[in-house]
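Following: one structure in structure tokens, then a few remarks.
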There are 2 protein chains.
Amino acid sequence: MPRTDRVMDLLELLRGRGAVGVGALADELGVSRRTILRDLATLRARGLPVTGEAGPGGGVRLEAERGVTAVHLALDEVVSLWLAARLSRAASDLPWGDAARRGLAKLLASLPRERARDLRALCRRVVVGPPASERVRGATGRPPPELLSRFEAAFLGGRGLAFAYVDAAGRRSERRIEPHGLLVQPPAWYLLARDLDRGEPRTFRMDRVSAPRLLAEVAFRPDPAVVAANLPAGVDWQPLGT
Amino acid sequence: MPRTDRVMDLLELLRGRGAVGVGALADELGVSRRTILRDLATLRARGLPVTGEAGPGGGVRLEAERGVTAVHLALDEVVSLWLAARLSRAASDLPWGDAARRGLAKLLASLPRERARDLRALCRRVVVGPPASERVRGATGRPPPELLSRFEAAFLGGRGLAFAYVDAAGRRSERRIEPHGLLVQPPAWYLLARDLDRGEPRTFRMDRVSAPRLLAEVAFRPDPAVVAANLPAGVDWQPLGT
DNA sequence: CTGGACAGTGACGGAAACTGTCACCATGCC
DNA sequence: GGCATGGTGACAGTTTCCGTCACTGTCCAG
């Protein structure tokens with residue numbers, strides 16, 4: 001992970017957490033103790049009130065911050081949490097995951113109304129399948145974040161999306177699509193779409209997509225039927241959203 | 001200037017300023033236009049709503065941060081979400097649950113400082129076991145909410161707890177305990193405690209507890225050793241909190 | 001409908017920053 | 001004293017980063 005990302009993650013970890021050991025942070029971020037200390041120095045240099053205490057029970061902490069900073073949740077974070085809650089519910093057949101769902105509901109309720117509405121609209125078009133039985137080759141488990149945010153913008157704005165795609169055989173092609181939904185089948189994410197050039201439903205594995213861009217000139221209305229048409233029959237697919 | 005600092009500066013510049021030209025940002029930060037574009041890509045990849053408009057009068061801007069500001073989460077909600085994130089991470093061996101974990105970290109970051117501290121202190125005394133192999137008879141999967149909040153108050157305030165208990169054989173008794181921790185073994189939750197009358201560690205299934213009340217006159221210091229003493233040996237128990 | 005202003009992308013080689021390791025000091029608690 | 005923890009300095013190998021350049025796409029004005 002690039003240093004910049006790590007330092008920003010570190011800041012988020014420190015926010016709202018009390019004293020944490022440098023070693024724990026190092027493990028959590030997958031980097032050496034020394035590096036964490038350097039990162040902390042960077043934050044201090046920016047004027048953030050990071051203090052440390054030596055001795056057993058010590059640790060570093062972020063003192064009270066001036067001002068209120070809003071936390072921005074990305075689409076994949078919401079989807080993953082939601083999914084996690086459901087997984088854990090399924091895992092132990094009883095109403096175990098209910099508390100997790102309640103927590104999420106509160107989370108959604110705390111968002112500004114528009115953002116919550118958007119997220120709900122998105123989640124209604126997210127379909128969750130059973131984890132892939134075979135290991136999906138090369139799937140990383142997280143779709144490229146900027147592709148997700150493009151998808152978000154395209155879906156919510158009702159605009160087309162264009163991107164470069166490399167299929168399973170390694171052939172590169174340029175695609176123009178209407179994005180109608182997402183399929184999450186751990187560890188891979190798929191785009192459920194209508195191919196504008198071929199005029200038929202298509203599924204694209206998100207980690208094979210690159211250079212996505214909005215097609216301002218293409219307008220469409222998201223259609224659940226396209227999502228359904230992209231799903232193979234006979235499998236227990238479930239919609240994520242309510 | 002190191003990239004990390006520049007990116008954080010850039011974010012601060014974008015906050016509280018409307019549309020700015022990439023060229024202007026480049027001058028301001030003493031770096032090339034291309035580099036600014038890369039930095040913007042980094043911010044987008046973190047899920048920040050950075051948008052750009054082409055044409056004269058265009059520029060990039062940070063959309064109003066539509067984020068979480070404050071949520072009140074109950075202990076079981078946090079525990080469940082945390083657990084869910086971990087489960088889903090374990091379920092599909094690779095970084096799948098990372099997004100969930102990040103989301104959760106942000107969520108915790110949005111909590112008021114004291115509440116977050118308390119929740120962390122509590123989570124450090126929550127132990128997660130493997131799901132019960134046999135169906136636990138009558139366990140509902142969620143402990144009585146008012147018992148949880150009493151537990152919270154008692155643990156954080158270092159006070160004793162009294163309640164009525166019905167054991168597996170159906171015998172009713174009145175108990176006075178020091179609450180030292182929780183054991184979560186889906187679908188059941190257990191109280192890990194020291195029994196004040198018997199003077200030894202005891203485990204109580206939470207759905208068999210009723211009429212809990214604080215014992216203002218009993219003060220104690222939460223002790224990890226009592227938690228450990230309540231766990232059967234040879235099982236893979238894991239602490240929830242870090 | 002043309003030119004210009006501006007966002008955004010891809011590629012590449014030299015330069016700079018970053019990282020892990022190791023040794024060591026300081027501090028607080030038992 | 002012994003131990004756990006935060007904090008610093010130095011160094012070499014490696015990774016990342018950066019400016020440059022060429023190009024595409026979009027929007028607006030004239």
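Protein chains get the first letters and strands the later ones, always in sequence-line order, with residue 1 at the start of each.
Look at CE on B:Met1: it is 16 Å from C1' on D:dG19, rounded to the nearest Å. One can place CZ of A:Arg34 at 16 Å from P of C:dC25, the figure rounded to the nearest angstrom. When the C1' atom of C:dC6 is taken as reference, atom CG of B:Leu25 falls 13 Å away, rounded to whole Å. Whole-Å rounding puts the B:Asp5 CG to C:dA16 C1' distance at 15 Å. Separating the CD atom of A:Glu53 from the P atom of D:dT5 is a distance of 14 Å, rounded to the nearest angstrom. Atom C1' of nucleotide C:dT9 and atom CZ of A:Phe163 are separated by 17 Å, given to the nearest angstrom. Summarising the geometry, the separation between CD on A:Glu174 and C1' on D:dT24 is reported as 12 Å, rounded to the nearest angstrom.
Salt bridge A:Arg175/A:Asp195: present, at least one basic N to carboxylate O contact under 4.0 Å.
Between atom OG1 of residue B:Thr35 and atom CZ of residue B:Arg6 there is a gap of 6.0 Å, rounded to the nearest 0.5 Å.
Across the interface with DNA chain D, nearest-nucleotide mapping of A:Gly23 and B:Arg6 shows A:Gly23 to be the residue nearer the 5′ end. Nearer to the 5' terminus of DNA chain D, by closest-nucleotide assignment, is the contact made by A:Gly21 (compared with the other of A:Pro2 and A:Gly21).
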- request: Take B:Asp39 and B:Arg3 through the salt bridge (Lys or Arg N to Asp or Glu O under 4.0 Å) test and state the conclusion after the steps.
  value: CA-CA 8 Å; B:Asp39 293 349; B:Arg3 172 173 154 86; 2.6 Å; yes
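Between A:Phe155 and A:His180, the distance separating the two ring centers is not shorter than 6.0 angstrom.
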Side-chain donor-acceptor pairs under 3.5 Å in residues 225-233 of chain B, sequence neighbours left out?
from     : atom 1 : to       : atom 2 : distance (Å)
B:Asn230 : OD1    : B:Arg202 : N      : 3.2
B:Asn230 : OD1    : B:Thr203 : N      : 3.4
B:Asn230 : OD1    : B:Thr203 : OG1    : 2.9
B:Asn230 : ND2    : B:Ala193 : O      : 3.2
B:Asn230 : ND2    : B:Val226 : O      : 3.0

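Heavy atoms of other residues, nucleotides or ligands lying less than 6.0 angstrom from CD of B:Glu53 number 12 at most.
The shortest heavy-atom contact between A:Leu191 and A:Phe151 is CD1-CD1, 3.5 Å.
Residue B:Arg3 places at least one side-chain N or O closer than 4.0 Å to OP1 or OP2 of D:dC17.
Looking only at distances, a side-chain donor or acceptor of B:Arg44 sits under 3.5 Å from a matching main-chain atom of B:Val50. Judged by distance alone, with hydrogens and angles left aside, the side-chain atoms of A:Tyr165 form a donor-acceptor pair with the main-chain N or O of A:Arg205 at under 3.5 Å.
Among the nucleotides D:dT20, D:dC17, C:dC18, the one closest to any side-chain atom of B:Thr4 is C:dC18. The B:Val60 side chain lies nearest to C:dA7 when the options are D:dT20, D:dG7, C:dA7.
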For nucleotides 2-4 of chain D, which of its nitrogen or oxygen atoms have a protein nitrogen or oxygen under 3.5 Å away, and what is each distance?
none

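In terms of polar N and O atoms assigned as donor or acceptor, the side chain of B:Arg33 comes within less than 3.5 Å of the base of C:dG8 in a complementary pairing.
Annotation: proximity of residues 35-43 of chain A to DNA chain D (heavy atom, distance under 4.0 Å) is found for A:Leu37, numbered in ascending order.
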